[in-house]
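Per chain, numbering begins at 1; letters A, B, ... match sequence-line order. Nothing here was measured: the structure is a model prediction, and the numbers come from that model.
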Amino acid sequence: MTILLVLIPLGIVLLGVAIVAFVWAVRNGQFEDLEGEGERILFDDEPSLPSDGERQASPAEGE
Amino acid sequence: MGGEAGTDPPDCFHCGLPIPKGLTLFADVLGEARPMCCIGCCAVAEMLEAQGLSEWYRRRKGATGFRGPFLPDLDDQFAYLESPALEEEFIEHDSGGSVHASLLVEGLSCAACVWIIERHLLAREGIRSVRTSLASRRVQVEWDPERIHLRDIVLRLAEIGFAARPAQPGESDELERKEDRAALIRMGVAGLGAMNVMTYSVALYAGAFDEMSEAAVGLMRWMGLIVSTPVVLFSARPFFRAAWREIRLAAPGMDVPVAIAIGGAYAVSLYATIRGTGEVYFDSVCMFTFFLSVGRYLEMRIRHRSSSLTRSMIDATPAFARRVRDDEGERVVPAHALGVGDRFRVRPGESLPADGIVLEGRSAVEEALVTGEPWPRPVTVGAAVIAGGINVESPLLVEATRVGERTTLASILALIERAQSERPKVARTADRVAVAFVSGVLGVAVFNWIAWQFIAPERAMWTTLAVLVATCPCALSLATPTALAAATHALARAGLVITSGRVLEGLASADRILFDKTGTLTRGQPTLTRIVPVRGHEEAEVLALARTLERDSEHPYAHALRVAGEDGVHSGSAEVGDQEEVASVTGFGVEGSIAGTRYRIGRPEWAASSSGEPPPEGETADAMDGSAAVFRVWILLADEKGPLAWFGLEDPVRKDARAALEALRERGFRLEMLTGDPSPSALAIADRLGFDVAEGGVTPEGKVERVRLLQARGERVAVVGDGVNDGPLMRAGDVSIAMGSGCDLSRLGADAVLLRNELALIPRAVEWSLRMKRILAQNFGWAIAYNLLVLPLAVSGQLAPWVAALGMSTSSLVVVLNSLRLNRLREAG
């Protein structure tokens, strides 16, 4: 039965982790649009044809 | 030309708006030639196809409802975005040298739109990130100010057919988002806590039968205490607050027994844990909190949905104004900087930032938002214009008379918002039940405590607590919100958006349903189908005259005539000369002179008062054949000498109208049609559609009076309208439903909106309303029966904590599952 003394507090720690993760997810807006995000995965993520003639291969160069 | 109207013409593939008669414009999309309504839509569709983005058409859920832009105009139209004052207002600087702004995008309706907007914007150099919120129709863009400008971004959105403008983060938006998040976190914490506490409790309950060591029992209790403390202090806080408010206002509601049960059970369990005696109720505490939070969360979601509908109206007023001052000339300033007495300029295509009086210019203003009239109204110097109206033709200089919160639009919105914040009657009924319940429970608890003082004083506290826990109105308070949410959700998926709880409770108990004709039973877009000239005139000639006379009229018939002249079929019917002293006579027609001759066009008996000539072929009554009913109206063009030509206008009845009306009649509703249209054909067709009462030539005020009269007789009246003039009617009815294509304001006044204009949804909503009533009654019955059942057990001291926990969660679950039955979109028997 002494194993309970380890396992139960461990359970509490896991509960804490779950709550923190949940709060983070809510604050991050992950529950705001339940439909759109579900469908987003269905869209082709491959960049389609270059949309502008002048578009070069350096879209993300930071500053 | 002429001939009968065919079956429904296809709508524009891009925007979904009807295609002007006779126009043939196609764009190749997804390997097929698709019909388009204008060059703008055509350009957008072709561009999407060229970029390989036409996949959007397959993914989207509905057409945009916005005509594509005419690109050459746009560049100039968006020049205002370069003003420094606006930049200050809307653009925020980030630390990394980039800037961001929030854009309000119209026509954003589904996930596919989000996809295409993000795709298209990110393909542009200089744009760093794009985040789209479907719910608030806002796009947050972050970009590099060195490389592109806000204007480029708005232009880029216009390229793919979305009208965007900078938006300030709405205050109430932000508040709601916060409220929503806080409630969600509270609910999550309570749920997670309840799950964990349950594991300890199950161990304790098992231990109560099996021998369990003192130490293990102590451990489980302390664990329960640790987990349930944040649940009570954090998740249950709103209940304590609300209960305190109710006590202070001496108006006890559901929150008082809830708070007493949660607080009492927690306090006693805390005492028991520390002292190591008695019973603990941590599991019940956490589950109460969880179930109750779920109920409150659902209630809140319904409330937010209706207020976001209102807010989309506020978005109609622009965020900037072109203020004109003698010393500084024209300057773009934020709309809120505009004061009463300031002058501002409005260019064509822009909307007005404030109410005002026209100082200079001649134009037409479209005020569909407030008046419901879809066609622009001509304005000249001295005319009053209202905020949110769109200037259509040429620039205007306006002096502001009311700004900000004082504008007509803002004050109407404020009224509506107030109406919306009222709780639905079902919720108030639940509150009344709660008050009776609370007093009963508290009475029993006090009585129980006193009685046990005589029997066994040491058990008084425990049995009293058991009474409070057992009678916590958990299931009772879940009964209404879950049923309301499930029914609302089911109907919303079918295409009926409910903005007020009144619909579901009122629809089933209505005695009579009033229908508007134009736009509700019919499509509301009359088209010119016949021209019958008399006295040897040419078709083109009389149509040209008619168009010229009706040029500035806002009436749908005038619009039909103008449109008919613009297509290829009636070529050669350009407007002739200038009309002079044109006067429109409401309800009759238009009178004016062209090149010295006086003409009248409109109702036959008015246009040619001298001649009693009947319309051609006496077609008034047999315009209906089978189910494809058509309302046909004849209007007459005449000069001083007599009639010149007859124009036959048709407005087809919606395809599902007959079946919907049939279904409603079977349910025992009395059906009534009120229309402003005085023609006998309207009444003849109403008769064939099976209306009990039909009345033509009714003014908007007359309709409201009719509703009042019926209500005075004790009838409950439901109203279905499309909102062109129906705004007041919507508010007069006990329940009101607006067509989705109607004007925005009537939609706001209405309790529900038919998104896809399917009349067949009305009998369905009735069905749902009946089912919801049944389910509510079951819920209440069950919840109260359960509480009454366990009360004797609790009073007699026989209620073990595990029985209380089990009974409470079972009764709550039964209520929730019962409500969820409403969510299934099955035709109920």
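Taken from CG in B:L219 to CD1 in A:I8, the straight-line distance is 4.5 Å, to the nearest 0.5 Å. With rounding to the nearest 0.5 angstrom, the CG atom of B:L192 is 5.5 Å from the CD1 atom of A:I19. Here CG of B:N196 is found 7.0 Å from CD1 of A:I12. Values are rounded to the nearest 0.5 Å.
The side chain to side chain donor-acceptor pair (under 3.5 Å) contacts involving residues 20-29 of chain A comprise nothing, where partners must be two or more places apart or lie in separate chains.
In this structure, A:F31 and B:D180 have side chains that are not in contact, with every pair of non-hydrogen atoms separated by 4.5 Å or more.
With a 4.5 Å cut-off on non-hydrogen atoms, B:R131 touches chain A through its side chain but not through its backbone. Only the side chain of B:M220 comes within less than 4.5 Å of a heavy atom in chain A; its backbone stays farther off.
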